[in-house]
Amino acid sequence: MGSLEEGNEYHTLSVKDLLEARDAYHVFLMRKKNVIGTAIGLYRVCKDKTKPRTLKNSEVRSGYSWPCVLVFVEGWVQKKSFGKAQKASYNDYIPKSLYLPDGREIPVCVILSEWGQKNPETILKMKFPGNVIGGGYPIMTKVQGEERWATLGCLVSDGRLTYGLTNAHVTGQPGESLYTIINGNEEEIGKSSSKNLKKIPFTQVYESLPGKHALVNLDIGLIELNDINNVTSQIFGLGKVMGLLDVNHDTLSLKLIGCPVMGFGCSSGLMKGEIIALFYRYETAGGYDYIADYLIGPRSEKIMVGKSSFSPRKGDSGTLLVIDKPKSSEHMKAIGVLWGGQKDITNESEQPYGLATNLGTICKNMDIELVSSWNSNYDTFFGAYAHITLPGMCLKVIKDKKLKTLMENNADRFSLPLEETAVNDTKGLSKKHFVPLSDVPDLVWKSRGGEFQRSKEGPNHFADMDQPNPSVGGKTLLDICENVKNIDPDVWVNFYKELKAKDMGALPFRIAQIYDALVKFARQGHVTNFICAAGILSHYVFDSCMPLHISYMHHGDPDGPKDSSNKSISYNVHAEFDNQMVEYYVETLRNNLDNYVKEKDDVGEPVKRGSIKTTKDAARAAVTLMYNTVNKYANPKNIVKDYEKLVDENKRARCAQLWDKYGEGMQHAMAEAVVLTARLWEAAWDNGNGKNNIHNTDSIPEDDLKKLYETKTGFLDSVRLSEIKGTMTWT
C-alpha cells in the first residue's frame, strides 16, 4: 500500500467500521507472535521503507493516510522471513487488510513498539506548590508504608463540592488522606471521595459503537479538598484552562488523530505530544479486553526540535491534557487525563507514549463539571500587590534631580501606581511579555519550573532574625547584630550552623550585593543595568519590612499547638498577614502611606540621607529596617499568638482583627522600606558618580531589560549565604 489511490475507497471508512473489524479480528491478531496491542487510527507513512515502521520514524500525512487498524508488535519480521524454511511461521504473519462479511476491506498498519530504557525516578526534582495548589502539582498517598506520588489533574465540581481530580489508583479507598509538600512541609490537602471510575463496559460509554467483551479503563478518582481557598483551577506550567472539548460517541472522529496536546506532569514537567490512536487495546484478562480512550505519543521530530517532548514518567499519572493549538478556538481546552503507560514485565524498560481517558466521558459518568475559573490568573506566589505598587512611592523621596528624572521616566518598568492599581491588576503578571522589575525575583527567578528559575534564589528572600540560639545564651541574629561587626555573612553562617538550620537566609546581604552592583553600573555609565538592578533591589527591601519574611515563625510557632495532622494551627499566618491582610486594606494604604513616608524621610528612618557609603553600610541599613519591624512595629511572636486565638474565625474576620492591632505598625514598616529603597538608589548614584557617568535619562525599552533579567547567571547572580561575600566589594 503506497498511496491512497491503491485503495481509494478507504477514506470513506468510519470509526464504527474500524471498530467492527478490530472487534471481529482482535483475538485472531492477538494470538500472533509479537503482537502486544491494537488500536484504530490513520495509516502511518514510514520515512525510510527499508526500516521497521515505528511511531518515531513514521507520520500521518494529510491526503495520504487512510483509516486503518493499527497493530503494535514487539518484534519486526520481514515478509520474506515467513515460511516453512524460515524461522517465522506463516501463522504469525499479519495481513495487510481485514475483511468483513459484507465485503468491506479494512487496512492494517503494523507498528514496531520501541522499548526504551526506563526513565530515572524524578521525585526529588518535582516542583512543589507555595501557598496555592492546582493542576500540575504533586500529590502523595501512603500505601503499605511507602509514599506514592502522582499529579493533580484539575478541579471539578458536582454542584455542591469542589474536588481535585486525579487517578483512582492514586486516591485509593474512600477516606484515604492525600498530601503534598507546601513550603517544605507535608500537608494534607483532602481525602479521597467515594466517587470514582475504574473499568466499565465499552458499549456503556460509547453506546453506538461495537465493542463486546471490552472494558474501558477510566481510572479516575476525586479528592474532597479540605480548603478550596488555597486551590486554583489554573494549571501550573500551562495557565488557565479554557473549558472542555466535548468528545462523545456522537462527536468522536478520526480527525482527533494527530491532534497536538500538552500537559504538565509533576515528574516530567511540560510534555508535548499528539493523539496517535484511539481505543488502544492493551491487555486481556478473564475473557475481556482492556481499552484506553487515547494513545498519546511524541510529535514529529521535525516539529519538536528544541521543545519539550512527550515522555511520561512515574509520578505523571493524573496529568490533565489540553489542546495545544495557539491560534485555534480549541486552544487550552481540556481533552483527557493521563493514567499510565506500557512497560515490559521486567519493568526495566518502557515506551514513550501514554494512555489517557477522555475527560468528556469522565464528566458524564461522574455527573461533574470542569472548574476553569476558580482563583484563576494566580501567579505562583502571593504578595505581588505590595511589591508592585509601593516602589513607585520612592520617587517622592529622591532629591537628586537627574536621578529623579531617570527613575520617573522608568517608573512603569518597575512599579504600578498605588492610586490606580486594583489588587486583581497584579494577578497573572508572570504570564505577560514583561514582568515589572520589582517582582522579577518572585515571578521569574523563584518561579517553579520556569525557564529562568534560579535554584539558589530562595534564601535571598528571608532571614530568621528572631530565632534564639542556645549556643550564645539564647540570643537571636537581631541581638548579636547590635554589634555591627556581626552583620557579616561569615558570622551568620556560623550562627546558622550552630542552629543546624536547613536554610540560611541571606536577605540583608542580597540587598548589599545589589547595591554594590548599582554603584558599579553608575560608575560604568550602564543605565539599562542600573534601572534593572534598582527596580529588582526594591523587592528585597520590601521583603525586609514584612515581619513573617524575617522570622523563624513564618509558618507559625514550631513549638505551638498543632492540628489533627500535626501541623501548626497558625501555618497560614505568613500568607494571610504579610499578603492577604495588606490586600484587604489597599484603600487605607492609599489614604495614609504618603504621610508615613514623609514622616520617615524627615526624621531619617531607617537611615539618614548620605549615611550609606559602603556595601557594609547597605547591609547594616537593611538590618536596621528589620530590627524596627520586629521590635517596634509588628513582632512575629505576638502576631502568631494572636493568630492562634483567631484560628476559628473566617479569613476576612481574622485579617480585620489583626489589622486593627498591627495595621498602623505595618504602615510604619512599609514607609521605612520606601525610604530605604530611595536611600540605596541615591547612595549608589552618588558613590558611582552617576550624575556625570550616566547621560541618558529616557525610558529604557522593555526588551533591553528582559535580556538582563531573563538569565540564570551573569546578572545579579543568586548565590548561597556562604558564597555571597565573594560577589561584592565587602572590604
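Keep in mind that this is a model prediction, so the values were computed, not measured. Heads up: numbering here begins at 1 and tracks the sequence.
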Check the side chains of [Y] and [X] for a donor-acceptor pair under 3.5 angstrom, ignoring hydrogens and angles.
X: D578; Y: H549; result: no
X: D219; Y: H169; result: yes
X: D293; Y: Y206; result: yes
X: S267; Y: R313; result: no
X: D466; Y: S551; result: yes

(request) Assess whether side-chain contact (heavy atoms from CB on, under 4.5 Å) is satisfied between D442 and H539, documenting all intermediate values. (result) CA-CA 9 Å; D442 270 357; H539 182 96; 3.4 Å; yes

Has the side chain of [X] got a donor or acceptor atom that lies under 3.5 Å from a matching backbone atom of [Y]?
X: D316; Y: P312; result: no
X: R654; Y: E649; result: yes
X: T166; Y: T151; result: yes
X: S192; Y: Q173; result: yes
X: T162; Y: V156; result: no
X: N635; Y: N638; result: yes
X: K562; Y: G560; result: yes

Heavy-atom side-chain proximity of [X] to [Y] below 4.5 angstrom:
X: Y179; Y: I139; value: no
X: N365; Y: Q204; value: yes
X: W445; Y: V440; value: yes
X: L321; Y: V337; value: no
X: M271; Y: T319; value: yes
X: L218; Y: K198; value: no
X: T361; Y: L197; value: no
X: L245; Y: I323; value: yes

How close do [X] and [Y] get, heavy atom to heavy atom, and via which atoms?
X: L178; Y: E176; value: CD1-O, 3.6 Å
X: L370; Y: V241; value: CD2-CG1, 3.8 Å
X: H554; Y: D464; value: ND1-OD1, 4.2 Å
X: I36; Y: S113; value: CD1-OG, 3.6 Å
X: G505; Y: W492; value: O-CE3, 3.9 Å
X: Y496; Y: A463; value: OH-CA, 3.9 Å

Between [Y] and [X], is the closest basic N to carboxylate O distance under 4.0 Å?
X: R510; Y: E457; result: yes
X: E188; Y: K191; result: yes
X: K641; Y: E644; result: no
X: R299; Y: D324; result: yes

(request) Let me see the working for I275 and L295 under side-chain contact (heavy atoms from CB on, under 4.5 Å), right down to the final yes or no. (result) CA-CA 6 Å; I275 297 176; L295 179 68; over 6 Å; no

(request) Take the angle between the ring planes of Y571 and H555 and call it parallel below 30°, perpendicular above 60°, tilted in between. (result) parallel

(request) Please check if the distance between the ring centroids of W339 and Y282 is under 6.0 Å. (result)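 Yes, they do, as the ring centres are separated by less than 6.0 Å.
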
(message) For F279 and F202, I'd like to know if the aromatic rings sit close, meaning centre-to-centre distance below 6.0 Å.
(response)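 That pair passes the under 6.0 Å test.
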
(message) How about CE on M242, more than 12 heavy atoms from neighbouring residues, nucleotides or ligands closer than 6.0 Å, or not?
(response)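 No, the 6.0 Å shell around CE holds no more than 12 heavy atoms from other groups.
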
(message) Tell me if the CD atom of E369 is crowded by more than 12 foreign heavy atoms within 6.0 Å.
(response) no

(request) Take E723 and R720 through the salt bridge (Lys or Arg N to Asp or Glu O under 4.0 Å) test and state the conclusion after the steps. (result) CA-CA 5 Å; E723 305 166 331; R720 295 186 179 93; 3.8 Å; yes

(request) Please identify each residue that fulfils ring pair (Phe, Tyr, Trp, His ring centres under 6.0 Å) with H26, with sequence neighbours left out. (result) none

[atom2] on [Y] to [atom1] on [X], rounded to 0.5 Å:
X: F236; Y: I133; atom1: CZ; atom2: CD1; result: 13.0 Å
X: N217; Y: L215; atom1: CG; atom2: CG; result: 8.5 Å
X: C266; Y: K314; atom1: SG; atom2: NZ; result: 11.5 Å
X: L222; Y: S157; atom1: CG; atom2: OG; result: 10.5 Å
X: M140; Y: S177; atom1: CE; atom2: OG; result: 10.0 Å
X: D557; Y: I639; atom1: CG; atom2: CD1; result: 13.0 Å

(request) Evaluate the criterion side-chain hydrogen bond (donor to acceptor under 3.5 Å, both in side chains) for residue pair D439 and H387; output intermediate values, then yes/no. (result) CA-CA 6 Å; D439 223 9; H387 280 307; 4.7 Å; no

(message) My understanding is that only residues two or more places apart in sequence, or in another chain, count here; which of them pass side chain to side chain donor-acceptor pair (under 3.5 Å) with Y294?
(response) N358

(request) Please name all residues satisfying side chain to side chain donor-acceptor pair (under 3.5 Å) with D503, sequence neighbours left out, ordered by chain then number. (result) none

(request) Kindly determine whether F264 and L238 satisfy side-chain contact (heavy atoms from CB on, under 4.5 Å), including the steps that lead there. (result) CA-CA 7 Å; F264 194 94; L238 299 181; 4.3 Å; yes

(request) For T171 and T141, run side-chain contact (heavy atoms from CB on, under 4.5 Å): C-alpha distance rounded to whole Å, both residues' side-chain angles, the deciding distance at 0.1 Å, then the answer. (result) CA-CA 7 Å; T171 58; T141 184; over 6 Å; no

(request) Using side-chain contact (heavy atoms from CB on, under 4.5 Å) as the criterion, point out the one residue from L338, T357, N196, I220 that pairs with N167. (result) I220

(message) Does the Lys NZ or Arg CZ of R652 fall within the cation-pi geometry relative to Y584 - under 6.0 Å from the ring centre and within 45° of the axis?
(response)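 Judged by the rule (NZ or CZ under 6.0 Å from the ring centre, within 45° of its axis), R652 counts as positioned above Y584.
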
